[in-house]
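For reference, the structure is listed below as structure tokens.
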2 protein chains.
Amino acid sequence: MLARVSSTPSFKRLPRAVREQQMLDAAVKVFSRRGFHAASMDEIAEDAGISKPMVYAYLGTKEELFIACLHRETARMMLAIAGAAAPDLPPDQRLWRGLRAFFGFVGAHRDGWAVLYRQARGSQPFATELAAMRARLVEVVAGMLDHALRARGREVAATELEVVAYALVGASESLADWLADHPEAEPEKTATRMMNVAWLGAAQLLDGVTWRPPTD
Amino acid sequence: MLARVSSTPSFKRLPRAVREQQMLDAAVKVFSRRGFHAASMDEIAEDAGISKPMVYAYLGTKEELFIACLHRETARMMLAIAGAAAPDLPPDQRLWRGLRAFFGFVGAHRDGWAVLYRQARGSQPFATELAAMRARLVEVVAGMLDHALRARGREVAATELEVVAYALVGASESLADWLADHPEAEPEKTATRMMNVAWLGAAQLLDGVTWRPPTD
DNA sequence: GCGTAACCTTACGCACGAGTAGGTATGCTC
DNA sequence: GAGCATACCTACTCGTGCGTAAGGTTACGC
């Protein structure tokens, strides 16, 4: 019935682990281009050079596939950052290294980052996934601030620190979006700019300088 | 054929303008709860107390409906902010008033904001809409910084300013997300925190203090 | 060489939800 | 109180794309 002429033995049989990576690569690419909803499993399969049922066999549902993408990418990113920011450096050095690694990663995976994370923010099932990873980041940053504070003999409520850390992380994510949209921009420069906004403010806070609302 | 018993004359006939607002209210609510894709026109119609064809007749396609929601909400927000930040105040006052208005608005429309904007970031057609409004905000902030700089006899490249402004706006949006997720948090306090991060950093920048990367 | 298991395919079922066709009631104007 | 416009309804069509059933094909052990 099928006219599969053996003139095309082009289909190599590959071990599962390899195929899974290919599929994830394709999935990230397609999800990025189209967004979660508009991406079709058929297109992902085709892009991976494989047929749809294989995707289901290996990575499961469309949702599960997306989560698998998220996990792989976040793991890679966390690794890149963690490897850069050694815990024994002074706070500004840690922040700088961490930011540089972060923006470097985003710069190197622009398309992957851009829509994958923007996408994940939107729909319920993924939002929680993403929130978890963001929480880890916030905790790290807050811990860093706390450490720096104690070294100066000062102390601040945990919530307060968390919010500041959240703002820093948020600003970084926004600049990451900006970076992903501006192919000509250099990651290193972006990291420097971020330091200019973040560190100058944070350093003041660490020294006890605060801004108080006027009693207008 | 239809057993519409006249025992329920409950359906008031209402003028178009009123119904449109009801529909938009319902749409914002449902889009927020479910996200753009998962939201069904049927549910929106039901929530608005009307039937589906009416929605199509008045507000058009699902996409057009969502954009209408976006427009209404952004217009409201811009109005709230513009009304608060008079252009003749000193920069920190303007920033403070603007931020307070912004977080006040988000606090009062938590569900509306949260998923509407998070959603809009994700999918192509809306991303541009949202980017346009964000651009307006960034421009305002950048203009503010520029104004403050000139007053001090200094000057900085436009791109540089834009990036700083972008970071500030981004941090604000993130804190807005945080606020939307924490029902107990007070908008005013959040605005103060944002000032502490943003203004202390920006003020330094305005004074020419900058952070430079180490030559590691 | 030959079975068996893993790899891989084509081709379909099926649900879900956007958008529409066509008809009914209600208020407003003269 | 006839007529017209506008508000409003029920009940469909139809595309799209997820997920699967059932069957080929290659590698590898013995």
Side-chain angles (χ1 to χ4, degrees), chain A residues 1-24 26-27 30-31 33-69 119 123-126, chain B residues 1-24 26-27 30-31 33-69 119 123-126:
Chain A
M1 172 194 235
L2 156 66
R4 172 80 90 76
V5 195
S6 48
S7 73
T8 321
S10 56
F11 286 100
K12 270 271 182 162
R13 276 168 103 83
L14 293 174
R16 176 168 183 153
V18 177
R19 273 279 134 87
E20 279 184 347
Q21 293 307 313
Q22 293 179 346
M23 289 175 188
L24 286 176
V30 175
F31 280 136
R33 247 207 307 277
R34 306 248 189 262
F36 176 76
H37 173 232
S40 82
M41 293 298 266
D42 294 85
E43 185 178 356
I44 292 172
E46 185 186 346
D47 195 289
I50 215 71
S51 74
K52 199 165 45 154
M54 288 309 296
V55 182
Y56 280 90
Y58 284 174
L59 278 327
T61 286
K62 187 181 184 183
E63 229 172 70
E64 290 167 349
L65 174 61
F66 187 84
I67 292 187
C69 292
Q119 206 63 31
S123 333
Q124 270 71 38
F126 316 133
Chain B
M1 173 192 237
L2 155 65
R4 173 80 90 77
V5 195
S6 48
S7 73
T8 321
S10 58
F11 287 99
K12 271 269 179 164
R13 277 169 103 82
L14 293 175
R16 174 167 184 154
V18 176
R19 273 278 133 90
E20 278 184 349
Q21 292 307 313
Q22 292 179 347
M23 288 176 189
L24 286 176
V30 175
F31 281 135
R33 247 209 306 277
R34 306 249 189 261
F36 176 76
H37 172 231
S40 81
M41 292 299 266
D42 293 85
E43 186 178 356
I44 292 172
E46 185 186 346
D47 195 289
I50 214 73
S51 75
K52 199 165 47 156
M54 289 308 297
V55 182
Y56 280 90
Y58 284 173
L59 277 327
T61 287
K62 188 182 184 184
E63 230 172 67
E64 291 167 347
L65 174 60
F66 187 84
I67 292 187
C69 292
Q119 206 61 31
S123 334
Q124 270 70 39
F126 316 133

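As a basis for the values below, the full set of heavy atoms in this structure was taken, side chains included, without hydrogen atoms, waters or symmetry mates. Reminder, nothing fancy here: chain letters follow the sequence lines and each chain counts from 1.
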Would you mind reading off the distance between [X] atom [atom1] and [N] atom [atom2], rounded to a whole angstrom?
X: L14(A); N: dC7(C); atom1: CG; atom2: P; result: 10 Å
X: E46(B); N: dT10(D); atom1: CD; atom2: C1'; result: 15 Å
X: I50(A); N: dC7(C); atom1: CD1; atom2: C1'; result: 8 Å
X: Q22(B); N: dC8(D); atom1: CD; atom2: C1'; result: 13 Å
X: R16(B); N: dA5(D); atom1: CZ; atom2: C1'; result: 13 Å

Can you check whether R19(B) has a side-chain N or O nearer than 4.0 Å to OP1 or OP2 of dT6(D)? no
Give a yes or no on whether the backbone of E64(A) and the side-chain of T61(A) come within a donor-acceptor separation of less than 3.5 Å. no
Determine whether a donor-acceptor pair (one donor, one acceptor, N or O, separation below 3.5 Å) exists between the side chain of R13(B) and the base of dT6(D). yes
Can you say whether the rings of F36(B) and F66(B) are parallel (under 30°), tilted (30 to 60°) or perpendicular (over 60°)? perpendicular
Are any of the side-chain heavy atoms of I50(B) and Q22(B) separated by less than 4.5 Å? no
If a protein heavy atom is under 4.0 Å from the base, mark B; if only from the sugar-phosphate, S; if neither, -; do that for nucleotides 16-22 of chain C going 5' to 3'. --BBBB-
Going by ring pair (Phe, Tyr, Trp, His ring centres under 6.0 Å), name the residues that satisfy it together with Y56(A), two or more places apart in sequence or in a different chain. none
Checking R33(B) now: which residues fulfil side-chain hydrogen bond (donor to acceptor under 3.5 Å, both in side chains) with it, not counting sequence neighbours?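 None.
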Could you tell me the separation between the CZ atom of R34(A) and the CD1 atom of I44(A), rounded to the nearest 0.5 Å?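 Those atoms lie 10.5 Å apart.
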